[in-house]
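Down below is the structure, laid out as structure tokens.
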Amino acid sequence: MSESQTLQTLPVLPLKNTALFPFLMTPLSVGRPASLAAVEAALATEKKELVVVAQRDPNVEEPTQDDLYTVGTKAIVRKMSRPSDELMELLVLGVERVVIVRLEHTEPYLTAKIQPLPLPTDTGTEVEALQRAIVELAGKAISLAQPQAPPELARMLASSEDPLRLVFLLASMFSLDLAKEQKLLECESRVDALRLMHQYLSYEVQVLELRTKIASEARSEMSKEQREYLLRQQMRAIQQELGERNPEQAEVDLLRERLEKADLPEDVRKEVERELGRLERLPAAAPDFHVIRSYIELVLELPWRVSTQDNLDIANARQVLDEDHYDLKEVKERILEFLGVMKMNPSAKAPILCFVGPPGVGKTSLGQSIARAIGRKFERMSLGGLHDEAELRGHRRTYVGAMPGRLIQAVRRAGSNNPVIMLDEVDKLGRDYRGDPASALLEILDPEQNKSFRDNYLDLPFSLANVFFITTANTLDSIPGPLLDRMEILRLAGYTEEEKIQIARRYLIPRQLKEAGLSDEQLSITDEALKKIIGGYTREAGLRRLERAIARIARKTALKFAEGHGEPVVIRPEDLVEMLGPQPFMPEDARKTLPPGVATGLAWTETGGDVLYLEATLLPDGKGLTLTGQLGEVMQESAKAAQSYVWSHADELGIDLKLFRDAGVHLHVPAGATPKDGPSAGVTAVVALASMYTKQPVRSDTAMTGEITLSGLVLPIGGVKEKVLAARRAGIRRVILPKANEKDLRDVPEEARNEMQFIFAERIEDVIVNTIPALAERLAAPAQTA
Amino acid sequence: MFFPSQSFGEAVWRPAADVYRRPDGWLLKFDLAGVSPGDVVISVEGRRVTVRGVRRDNVLDECCTCYRMEITYSEFERTVDLPCVVENAHWEIEFNNGMLLVRLHGGGAL
């Protein structure tokens, strides 16, 4: 037989991306001109047959033999429709696997000589097993991918007897990629084809299972949100059914109710009405909702017209003040005066007081007793370290997290518009680029301006005119002048030993006994022991350390009782070492004898007064004046003036002038680490230098203070009481003061005054005469003795 | 995703058939329009009647280009199973307006 007899020639329809399988009816779209021509040619024959073969590369438009696979399928066109000249829709039936022997023509369409390639027909248990497994897997895959797939499909798969028919159908259903499809088509045995399909289906089932899992997870996530939304809607519906309004509306109603009851000035009421209106129109989720709500709450809570009735019973007030504080006559008098004025003229302005004094003297507690005495609310705020003006005056409401200033908050807490407000540590106000709180205080503390104090947050004028302001400070130096000017300064100086004993007896010991749970029979402290605590264990102007020491004694005693001790405890001076440890301060420290060049000075400090020693020494072959001991500028100048005075009066003092030329001087003031400043050590420097140059010692029982001039005058100084008390603490009983300070002695407690000798000096010579005995005869100037 | 637009197909097509019972036998009607009587072969075996043949596309010579094809050509085969054995029946055929009528006379009981 010749070749042309055995081989059929048919038009070729090349396919992109897919292979056509025998037994299957497959729809195809044809658009390429050569393919259209091939189909036309096929349709023009009786049998309507053509060869369908896949392209190796789908991007080739005009394939040649090398671009086509060699195994294809002979197919019959069963149905065709051609909606336009460029497109044909075909339904073709694969009938036979064929091999393309060679391409005959390429124009106008491909034709090929083909040879049938019968499908393999091998059988066996493996074929059987694979076939069943595939049917099962395919059922699973179909139910996963398309749960609504008609059951006939699975039945059709199961009923398919020829395993290859099954494989081909599944391959075209699952849209395998072309390489796999082609491999199936070219398979040499059924087993090969079944294995390939099985492998693919197992993978596909896994992917589908995963996909289903992901989808179901996403669905459950979604339904949770939907559930919440639904519940919320239901809640709303229930509330409506029950006649309840939604919570936001209820809140607005509540505020409106409060507004109607509140006693507000007319302009304030209008403002609140306006804000309430805005609130009603806002959804609760709007960020402004809460801002406006807190604002309205603040306005409603402020005591616009609420004030407490002052208790103007002066006898009662005096009693309360005396109960709480010992002594402090001046301050108490001032408060009682104010009460007197209030009684006579109820519209009088409240005073603005400033308590100045060392720590622990009772400034803060005095404020509390004032409030108690006149029956006002008490609010206290510390200004220490405050550096932001907005803290006092509030932030504008436009800022996130804005709040009213501390003053408005204090008034709100107090609940009345005439509380006692204590501004602690007004001397420690900070000041930086963020603003100057001291300047904000100017408005607050000015009775003319604070009638209509405007907080940035509140943005409505609020009157602070009836507020009784009390500020406290340790020193006036760091308070700006204009602020100081607005306040009435009341000094609370340090306490004397006698005062401290009194205070301890009346207040501190009873308080600490109560704290420790002891009765006054169980623990008593002798006066001698108290004196030793005051002098040896606590050196301070105030009472804090004293109270701590008493507290410690009380605790230790309580421990003894708790351990079963039965006898009452009496604390004597010798018990203190056991109770408080070794004495930290030696009873001062007054040096018994002084070498030439050392003089005793007095200093005022924030914690009261102090005794300090000026030490001068000659530096042979040295030059100039060296000053050490952290001396401030004023003090350095004062020391220079002192040297100049001594130099200029060398003759009178009997000093060899050569000493000034040939030797330098070093002046040192211990303790070296404490900064010191001020002019009041002038006389001390003169005495120290005179003593040094003349090599005559200074009397060790005399302390001195005073500013000097070059001409030898002694000028007055401040802090007389503290300085005198410090000298007394140190055991010095002879003090030289400037003549002009004589009047200040009346501040010094009487017992101290009686115990001590005061010398008032007008000129330097008076001081030298009274301190360096050896020079007294040389300078026969008269000294005045008190 | 992959609902079978594909389905199995046979290389031969099956014409539609009606079957009628008559007092003395059976009448079978086959939808075979366009099939010439010479191209039809009928065989009867047991209870089974088979019609084979071919429908030829008789406009091929007119040099036309096909734009729609819904009629199926080439070989067809249709087997009809009857409730009783008709192997020995006498039968005659008739073409009537495109329908092939097969009449079976006698030929066994049900």
Side-chain angles (χ1 to χ4, degrees), chain A residues 18 20-28 36-37 39-49 74-85 88-96 141-142 145-146 148-150 152-153 156-157 159-160 162 165-166 168-176 208, chain B residues 1-18 30-42 45-46 48 50-81 95 98-100:
Chain A
T18 185
L20 183 75
F21 293 108
F23 313 122
L24 294 185
M25 200 74 108
T26 306
L28 296 175
L36 290 171
V39 176
E40 278 173 15
L43 290 178
T45 65
E46 187 61 56
K47 297 207 154 192
K48 325 238 181 261
E49 284 174 339
K74 185 166 90 175
I76 299 171
V77 181
R78 268 290 154 84
K79 289 191 188 336
M80 186 277 272
S81 87
R82 194 170 182 174
S84 73
D85 278 349
M88 275 183 191
E89 304 284 354
L90 301 182
L91 191 61
V92 300
L93 173 69
V95 287
E96 191 176 29
I142 289 168
Q146 212 168 1
Q148 304 93 338
E152 303 92 70
L153 192 60
M156 185 167 82
L157 292 173
S159 68
S160 176
D162 184 342
R165 278 170 68 130
L166 174 68
F168 291 156
L169 177 65
L170 288 172
S172 67
M173 272 168 58
F174 282 96
S175 345
L176 270 62
L208 282 169
Chain B
M1 161 193 173
F2 51 58
F3 197 73
S5 48
Q6 307 90 344
S7 61
F8 296 124
E10 300 297 334
V12 293
W13 61 278
R14 284 148 52 101
D18 293 345
F30 296 89
D31 179 1
L32 284 174
V35 177
S36 77
D39 287 335
V40 178
V41 176
I42 297 173
E45 193 183 333
R48 180 170 285 193
T50 303
V51 177
R52 282 193 195 85
V54 61
R55 174 150 65 189
R56 299 181 198 282
D57 192 356
N58 49 11
V59 295
L60 288 177
D61 304 335
E62 294 181 23
C63 286
C64 43
T65 305
C66 179
Y67 264 68
R68 179 173 290 271
M69 189 183 77
E70 292 178 0
I71 300 163
T72 313
Y73 297 97
S74 75
E75 285 91 6
F76 64 85
E77 181 181 319
R78 180 65 206 252
T79 300
V80 177
D81 285 326
F95 270 94
M99 293 293 171
L100 168 68

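Chain letters run A, B, ... following the sequence lines, proteins first, then strands; residues in each count from 1.
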### Query
Does atom NZ of K79(A) have more than 12 heavy-atom neighbours, drawn from other residues, nucleotides or ligands, at distances under 6.0 Å?
yes
#### Entry: Residue V39(A) versus chain B: region with a heavy atom under 4.5 Å
neither
### Task
Please examine the side chains of K48(A) and D57(B), heavy atoms only from C-beta on, and report whether any two atoms are closer than 4.5 Å.
yes
### Query
When rounded to the nearest 0.5 angstrom, what is the spacing between CD in E70(B) and OG in S81(A)?
7.5 Å
### Message
Looking at every non-hydrogen atom in both residues, tell me the closest pair between V12(B) and R78(A) and how far apart they are.
### Response
C-NH2, 3.8 Å
### Task
Could you look at L43(A) and say if it's the side chain, the backbone, both or neither that has a heavy atom under 4.5 Å from chain B?
both
### Message
To the closest 0.5 Å, what do you measure between OG1 (T65(B)) and CG (L36(A))?
### Response
11.0 Å
### Query
Within a strict 4.5 Å, meaning less than it, do heavy atoms of the D85(A) and Y67(B) side chains meet?
yes
### Task
Could you look at E46(A) and say if it's the side chain, the backbone, both or neither that has a heavy atom under 4.5 Å from chain B?
both
## Note on the structure
Between V77(A) and M69(B), the two heavy atoms sitting closest are O-CE, 3.1 Å
#### Entry: Residues in side chain to side chain donor-acceptor pair (under 3.5 Å) contact with E89(A), at least two apart in sequence or another chain
S29(A)
### Query
Hey, what do you get for CZ (R82(A)) to CZ (R68(B)), rounding to the nearest 0.5 Å?
12.5 Å
